[in-house]
Structures are given as C-alpha cells and as structure tokens.
Amino acid sequence: MRFATWNVNSVKARLPRLLDWLGSTAPDVVCLQETKVGEDAFPAGEVTELGYETAAYGQGRWNGVALLSRIGLEDVRRGFDGEPGFPDPEARAISARCGGIRFMSVYVPNGRTPDDPHYAYKLRWLAALRDALVPDLAAGPVVVAGDYNVAPTDADVWDPALFTASTHVTPAERTALAELRALGLTDVPARPLKGDHPYTYWDYRAGMFHQNKGMRIDLVYATADVAARVTDALVDREARKGKGPSDHAPIVVDIED
DNA sequence: ATGTCCCTTCACAAGGGA
C-alpha cells in the first residue's frame with residue numbers, strides 16, 4: 001500500500017497538479033490539507049475519475065482537509081470529539097478507515113506568534129487531539145498525517161537561530177508532539193530526495209526553495225504496527241518545483257501489504 | 001527575514017493569512 005500527505009494550499013488552484021501527481025504517484029490513500037473549499041465545492045468528480053473515493057471537510061476560504069482512497073473509505077469522521085474552535089469549529093481534521101488502517105488528515109493551527117491567542121489555541125487543539133486519539137489507538141492501526149505546523153527538532157529548520165522566538169519551534173509545541181508520540185505513535189522518517197534535511201515546506205518568498213531554506217513541519221505519525229511495515233518514505237520535492245506549486249511538498253510512504 | 005501566493009470583498013485594489 002502507498003499512502004501520502006500533502007498540504008496543497010488550495011485544492012482548486014492546485015487541481016491540475018494534483019491530478020497529474022495522483023496519476024504519476026498512484027497513492028492508494030491521500031491526506032490533503034488546506035483545501036480551502038467547502039465540501040460541496042471539492043472537485044470530487046475529477047478525482048473520482050482517477051478511481052478515488054473522496055471525503056472532504058471544509059469551510060471555504062480557510063483551512064479544509066480531505067481524504068482520497070481507492071482501497072475503501074469507511075466510517076468517515078469530520079473533526080474529533082472535544083476539538084476546540086476559535087471560537088467556532090474549524091475544518092482541521094478528517095478521518096476514515098481505509099484498507100484496515102484509520103487515517104486522519106490534520107491541519108494543525110499555525111499559532112502565528114507565541115504571544116498570539118492563536119498560539120494558545122494551537123496547544124489546546126493538540127492536547128484535545130491527543131485525548132481524542134486514545135480510543136482510536138486502542139481500536140487498531142492508525143496513521144495521523146498532515147501539516148503539524150511544528151518542527152520537532154532544531155534540525156528541522158534551516159536556521160534555528162532565526163527561529164528562537166518564533167512559533168513552530170517552542171518547547172511547548174514540541175512537548176505537545178512528544179505527548180502524541182507517547183500514546184504509541186512513531187514519527188515515520190521520510191528521506192529527502194536532495195540535501196541532508198527532509199524539509200517539507202519552503203516559503204514562497206525570497207527563493208527559499210532554491211536555497212533549500214525549509215522546514216520539516218509535515219509529518220506522518222503511525223502506530224508501531226504500521227511503522228514496522230514501512231518499506232520506503234520520501235519527501236517528493238519534485239512536486240514543489242516548477243510553475244504554480246504548493247509551498248509544501250507531499251510525503252509518500254510505502255508499506256508492506 | 002521577507003524577492004509570494006491564495007482567498008475574499010461595500011470587487012477591477014487591498015487586506016488577511018500563511
């Protein structure tokens with residue numbers, strides 16, 4: 001089985017690239033983030049033509065997550081129990097069972113800056129996610145993949161000195177991820193196709209991608225049974241190249257059936 | 001450390017978010 005996660009930064013703007021990438025990569029399951037469309041506007045027709053079932057959760061202008069699967073898409077859940085809003089609910093998590101694994105696509109709040117109320121919201125959201133995952137983890141194999149908006153270590157940012165007072169790297173955010181792992185989730189390492197760091201995000205500005213000044217903030221967290229089946233995992237930086245890319249690259253994971 | 005992109009609207013420019 002091959003699965004992937006990708007923050008597409010608008011599924012409408014990215015649709016031609018998404019369809020090409022689905023054709024060439026041929027993943028069985030895909031977790032999408034930042035679709036930026038409501039459920040009714042999700043381009044399900046085009047994706048269905050490629051053999052995928054779709055489940056979308058969106059609110060239009062911001063956020064939005066979705067799951068694509070060609071190996072079954074059962075028991076879809078939008079959001080999770082106890083999920084906080086700001087203050088209203090935001091479309092940041094969707095999960096379903098595909099091929100015997102529960103996949104959850106997550107778009108963790110950005111946080112903006114450590115003194116912003118959105119930062120406290122980010123930490124509340126991650127703590128609530130941890131609590132909500134407990135029954136899922138007891139029920140079977142789980143993959144929680146998406147844009148976590150946290151760089152787990154200093155090696156995951158291109159210049160740690162620049163990020164000392166920024167969101168994405170604070171001890172509290174990193175602790176929140178450690179608490180997810182403490183539930184029994186493993187950070188599945190993805191290899192970079194170029195360079196030493198498996199960055200997944202490069203700012204559009206200032207030629208950051210070409211200088212490989214990126215961050216590893218998209219992550220695949222999997223239960224041990226899934227992690228043990230991994231045969232390969234990579235950051236598809238090819239998808240970040242060229243005209244009209246997302247600012248994030250997909251992570252593609254192969255596991256033994 | 002800011003050279004972009006995407007979305008929306010009291011829309012054909014500007015602001016907000018990342």
Side-chain angles (χ1 to χ4, degrees), chain A residues 5-21 31-43 46 56-66 84-93 105-126 145-152 154 156-170 173 176-177 197 199-219 235-251:
Chain A
T5 180
W6 193 8
N7 178 326
V8 289
N9 186 17
S10 171
V11 73
K12 276 189 196 166
R14 217 65 58 213
L15 188 58
R17 291 188 69 122
L18 173 64
L19 297 175
D20 283 352
W21 177 84
C31 300
L32 297 176
Q33 302 87 38
E34 278 207 87
T35 54
K36 296 187 176 178
V37 292
E39 204 177 326
D40 51 350
F42 189 85
E46 292 89 332
Y57 179 36
Q59 56 188 104
R61 187 172 192 176
W62 288 311
N63 312 315
V65 285
F86 193 85
D88 298 321
E90 298 182 323
R92 296 184 174 279
S105 175
V106 295
Y107 177 48
V108 177
N110 176 286
R112 302 189 182 181
T113 57
D115 58 355
D116 192 293
H118 287 86
Y119 175 82
Y121 166 52
K122 180 181 197 172
L123 296 178
R124 281 200 303 280
W125 197 93
L126 283 166
D147 179 357
Y148 280 73
N149 271 316
V150 178
D154 280 351
D156 297 319
V157 295
W158 61 274
D159 186 351
L162 279 178
F163 284 86
T164 50
S166 306
T167 182
H168 292 58
V169 302
T170 63
E173 289 165 273
L177 292 202
H197 299 277
Y199 298 141
T200 62
Y201 161 84
W202 301 261
D203 197 297
Y204 282 124
R205 293 169 286 190
M208 300 291 266
F209 178 67
H210 298 287
Q211 299 172 70
N212 199 25
K213 293 179 174 177
M215 304 176 76
R216 186 174 82 100
I217 55 175
D218 300 85
L219 306 170
V235 180
D236 182 8
R237 74 189 299 280
E238 297 301 310
R240 179 64 177 77
K241 291 182 176 177
K243 185 174 167 54
S246 170
D247 43 1
H248 294 252
I251 299 170

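When reading the values below, keep in mind they use all heavy atoms of this one structure, side chains included, and skip hydrogens, waters and symmetry mates. Lettering of chains follows the sequences in order, A, B, ..., and the numbering in each one begins at 1. Quick caveat, the model's predicted, so the values are computed rather than measured.
Of all non-hydrogen atoms in A:V11 and A:V37, the two that sit nearest each other are CG1-CG2, 3.7 Å.
A heavy atom lying under 4.0 Å from DNA chain B marks the following residues of residues 107-121 of chain A, by number: A:Y107, A:N110, A:R112.
Taking atom CZ on A:R92 and atom P on B:dG17, their separation rounds to 12 Å, with Å as the unit. The distance from atom NZ of A:K122 to atom P of B:dA18 is 10 Å, rounded to the nearest whole Å. One atom, CD of A:E90, and another, C1' of B:dA18, lie 13 Å apart when rounded to the nearest Å.
Proximity of a side-chain donor or acceptor of A:R240 to a complementary backbone N or O of A:P245 within less than 3.5 Å is not detected.
With sequence neighbours excluded, no residue satisfies salt bridge (Lys or Arg N to Asp or Glu O under 4.0 Å) with A:R112.
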Quick tally for nucleotides 1-12 of chain B: nucleotides whose base has a protein heavy atom under 4.0 Å get B, sugar-phosphate-only ones S, the rest -, giving BBBBSSBS----

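Contact annotation: the side chain of A:R216 never approaches that of A:H197 to less than 4.5 Å [non-hydrogen atoms, C-beta and beyond].
If you take atom C1' in B:dC7 and the same atom in B:dC12, they sit 16 Å apart, rounded to whole Å. Distance noted for atom P between B:dA14 and B:dT2: 23 Å (whole Å). Rounded to the nearest Å, the gap between the C1' atom of B:dC10 and that of B:dC5 is 25 Å. Nucleotides B:dA1 and B:dA18 are separated by 15 Å at their C1' atoms, to the nearest Å. On the C1' atoms, B:dC6 is 16 Å away from B:dA11, given to the nearest whole Å.
The CG atom of A:D156 sits 8.0 Å away from the OH atom of A:Y199 when rounded to the nearest 0.5 Å.
For A:N149 and A:H168, the side-chain atoms include at least one donor-acceptor pair closer than 3.5 Å.
The glycosidic torsion of B:dC12 lies within 90° of 0, placing the base in the syn range.
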Exercise. Would A:Y119 and A:T170 satisfy side-chain contact (heavy atoms from CB on, under 4.5 Å), going step by step from the backbone distance to the final call?
Worked result: CA-CA 10 Å; A:Y119 175 82; A:T170 63; 2.7 Å; yes

Exercise. Starting from the C-alpha separation in whole Å, work towards a yes-or-no answer on side-chain contact (heavy atoms from CB on, under 4.5 Å) for A:V65 and A:N63.
Key: CA-CA 7 Å; A:V65 285; A:N63 312 315; over 6 Å; no

